[in-house]
Amino acid sequence: MSGFVTVWLECRSDSVRRMFEELLASHRAFLIKQTGGPSTVDVVCAELDEINPERTFASIKGLLEKHPAVEVLLTSSGTDPQVMLEAFRIGIKEFLPQPMNRKEFDAALNRLKERLKSKEGRSSAKGGKIVAFLGAKGGIGTSTLAVNLAMSLRQLNQEKQVALVDLNLDDSDLPLFLDLQPGKGFRDLARDISRLDATFVQSLMSKHESDLHLLQSGLTGTERTTGDSIPGGAALHTLDVMRSMYDHVFVDCGHSLNPETRETLDFASLVVLVTTLSLPSIRRAKQFLHVMRDAGFDREKLMIVVNRYQSEDAELLQHAEELFEQKVGWLVPNDYPMASSSLNKGVPLTVHAPRAALTQWYMGQAAILAGDKPVKSAGAELGLERKNSLLSRYWGGLTFSPKARG
Ligand SMILES: Nc1ncnc2c1ncn2[C@@H]1O[C@H](COP(=O)(O)OP(=O)(O)OP(=O)(O)O)[C@@H](O)[C@H]1O
Ligand SMILES: [Mg+2]
């Protein structure tokens, strides 16, 4: 199922509202919205008007007639059989008497999630693919990889909607790669998470002339240490909304395993761990692999990419693969003058040097991601493409592994 479920609280008393908030607080996948109203969410948690129950039933009935996909959980202070019967008759499937206990509430949420999941299966939501890029260390080319793959994909396939997300909250520089002014972004979304929807996300996207969209980090200067903290679930919820808006979302996670990165790795359909064959970078990549394994992360969707590869590194590569206990997926050719001049000009490789070998490598891999090129042949002409089975799995829908959390 997709990442999160939006909830509207329709309560008469503050105590019931607080109780819902407390019970929902431990369910990270449920997001209480403060604006928009009951017709804009997946689930409405409502409190019965005990004096005038007909009023509650009439408004829920109206809601369900117009929005039959909405799930309603109703609570009331008693268990009057007449009231319960009426609730079920108008389509309310979850009824909890007060005081609500956690066990019953959690069970109701689970049933509700299952029903939403089956409805979602029948819907035709866009369901874009999320690719997360995590650098083993700083300065090894993670952003270059994310930007140029996204741009190549966009270039190859104009009808695909492609977005980049800058979640490098320590040192975000994606605007530089695309010559865009630093502006609002993820941090602004996170500050106002209850407003999160496609319209809000759209209003914060920076647009490159190629029509590649960028959600900036929203960071200017050294805010990471002084700015507001980012609420848990913010990255997850943002990506969930974005995947309904775009065909491909490429996320630059920088090189630290902070909570936002963990949420992204959890949610992504493909995770690219970027390293070079320098010893510090290999060592750090190995450490990340350890941490991910200990956290129960789904290794099936992880691909290791070696940046700045040169043929004389073949032996080192073999050692690294032994250490990783995993084959390296992609080997990105080393071309510092080309990569750095493209970055310094703020022009992606496809525009800066369309015929360069490095650009051709990017186009080849982007074609696989776009599904335009048979998975087997892409990159093979350069002798640098290494692993395809994982990319085949990239098409197999999103994994949302609760195991991988925390
Ligand atoms: N394939 C490549 N060959 C040679 N140099 C490269 C290659 N890819 C990227 N570089 C260069 O590596 C440097 C760092 O790149 P980049 O900013 O993408 O790294 P990063 O890992 O995102 O760094 P940061 O930790 O600052 O976010 C840049 O000068 C870039 O041009
Ligand atoms: Mg970077």
Side-chain angles (χ1 to χ4, degrees), residues 131-152 164-180 182 185-186 206 212 214-224 250-258 260-261 264 271-278 280-285 287-288 304-313 316-317 328-366 379 382-386:
V131 186
F133 296 82
L134 174 66
K137 280 190 88 65
I140 59 167
T142 307
S143 301
T144 306
L145 194 69
V147 170
N148 284 291
L149 272 176
M151 184 55 90
S152 304
L164 265 169
V165 180
D166 196 345
L167 276 193
N168 184 347
L169 301 175
D170 295 315
D171 194 9
S172 40
D173 45 26
L174 292 198
L176 288 178
F177 280 83
L178 298 168
D179 195 18
L180 292 167
F186 173 70
S206 306
L212 176 71
L214 168 66
L215 180 65
Q216 300 196 24
S217 66
L219 186 75
T220 47
T222 52
E223 272 174 68
R224 175 70 182 181
F250 288 11
V251 189
D252 181 352
C253 296
H255 55 275
S256 66
L257 272 178
N258 56 37
E260 295 78 43
T261 300
T264 305
V271 171
V272 175
L273 175 62
V274 188
T275 183
T276 61
L277 289 176
S278 79
S281 183
I282 292 174
R283 194 179 60 123
R284 213 37 195 176
Q287 284 168 353
F288 275 175
I304 303 171
V305 169
V306 165
N307 195 26
R308 309 194 61 170
Y309 181 75
Q310 307 179 84
S311 50
E312 56 265 38
D313 294 334
L316 196 51
L317 173 67
V328 165
W330 287 344
L331 301 170
V332 189
N334 182 46
D335 188 345
Y336 182 76
M338 193 58 72
S340 63
S341 59
S342 148
L343 164 56
N344 292 341
K345 290 193 169 119
V347 179
L349 282 164
T350 45
V351 179
H352 179 63
R355 304 174 77 86
L358 183 57
T359 313
Q360 292 302 310
W361 180 90
Y362 273 109
M363 294 296 273
Q365 306 316 312
L382 285 168
L384 292 172
E385 184 272 331
R386 311 248 316 160

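Each residue takes its place number in the sequence, starting with 1. Computed from a predicted model, the values in this text were never measured in an experiment. Ligands are counted one by one from 1 in listed order, and the atoms in each one are counted from 1 as well. Scope of the values below: all heavy atoms of this structure, side chains included, with no hydrogens, waters or symmetry mates.
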- Top protein contact for atom 3 (N) of ligand 1, by heavy-atom distance: D335 N, 2.9 Å
- Message: Does T261 form a side chain to side chain donor-acceptor pair (under 3.5 Å) with N258? I'd like the steps, not just the answer.
- Response: CA-CA 5 Å; T261 300; N258 56 37; 2.9 Å; yes
- Of all the non-hydrogen atoms in the protein, which one sits nearest to atom 10 (N) of ligand 1, and at what distance? A339 CB, 3.6 Å
- May I ask you to check if ligand 1 and L343 share an N or O to N or O distance below 3.5 Å? no
- Item | Atoms in ligand 1 with a heavy atom of H255 nearer than 4.0 Å | 25 (O)
- Provide, to 0.1 Å, the distance between atom 18 (O) of ligand 1 and the closest protein heavy atom, together with that atom's residue and name. T144 OG1, 2.5 Å
- Query: Taking side chain as C-beta onward, heavy atoms only, is Y309 less than 4.5 Å from L277?
  - Reply: yes
- Message: I'd like to check P333 versus D335 (side-chain heavy atoms, cut-off strictly below 4.5 Å). Are they in contact?
- Response: no
- Nearest protein heavy-atom contact for atom 19 (O) of ligand 1: which residue, which atom, what distance? G141 N, 2.9 Å
- Which atoms of ligand 1 are found less than 4.0 Å from any heavy atom of G138? 25 (O)
- Query: Nearest to atom 5 (N) of ligand 1, what protein heavy atom do you find, and at what distance?
  - Reply: R308 NE, 3.4 Å
- Message: Within the 4.0 Å heavy-atom shell around N334, which atoms of ligand 1 are there?
- Response: 3 (N), 4 (C)
- Message: Give me the atom names and distance for the closest heavy-atom approach of A146 to L164.
- Response: O-CD2, 3.8 Å
- Item | Distance-minimising heavy-atom pair for V272 and V305 | CG1-CG2, 3.4 Å
- Query: Quick one: does S143 get an N or O within less than 3.5 Å of an N or O on ligand 1?
  - Reply: yes
- Task: Would you mind reporting whether L349 and M151 have side-chain heavy atoms less than 4.5 Å apart?
- Result: no
- Message: Tell me whether the rings of W330 and W361 are parallel (<30°), tilted (30 to 60°) or perpendicular (>60°).
- Response: perpendicular
- Any N or O of L358 closer than 3.5 Å to N or O of ligand 1: no
- Item | Working for side chain to side chain contact (heavy atoms under 4.5 Å, CB included), residues L358 and V332 | CA-CA 8 Å; L358 183 57; V332 189; 3.9 Å; yes
- Of the backbone atoms (N, CA, C, O) and the side-chain heavy atoms from C-beta on, which set of F177 has a member under 4.0 Å from an atom of ligand 1: side chain, backbone, both, or neither? side chain
- Confirm or rule out an N/O/S atom of N168, from backbone or side chain, lying less than 2.8 Å from the Mg ion (ligand 2). no
- Message: If we count only N and O atoms by modelled type, under 3.5 Å, do the side chains of S152 and T350 hold a donor and an acceptor together?
- Response: no
- Message: For L212 and F250: C-alpha separation, side-chain torsions, deciding distance, then whether side chain to side chain contact (heavy atoms under 4.5 Å, CB included) applies.
- Response: CA-CA 11 Å; L212 176 71; F250 288 11; over 6 Å; no
- When distances are taken from atom 27 (O) of ligand 1, the protein heavy atom at minimum range is N168 ND2, 3.3 Å
- Measure the distances from the heavy atoms of G139 to every atom of ligand 1 and state whether one is below 4.0 angstrom. yes
- Query: Would N168 and S217 satisfy side chain to side chain contact (heavy atoms under 4.5 Å, CB included), going step by step from the backbone distance to the final call?
  - Reply: CA-CA 7 Å; N168 184 347; S217 66; over 6 Å; no
- The protein heavy atom nearest to atom 26 (O) of ligand 1 is D171 OD2, 3.8 Å
- Identity and distance of the protein heavy atom lying nearest atom 1 (N) of ligand 1: P333 O, 3.0 Å
- The answer for which part of M338 has a heavy atom under 4.0 Å from ligand 1 is neither
- Message: Check this for me - ligand 1, N307, N or O atoms closer than 3.5 angstrom, yes or no?
- Response: yes
- Item | Q216 versus P182, closest heavy-atom pair with distance | OE1-CA, 3.3 Å
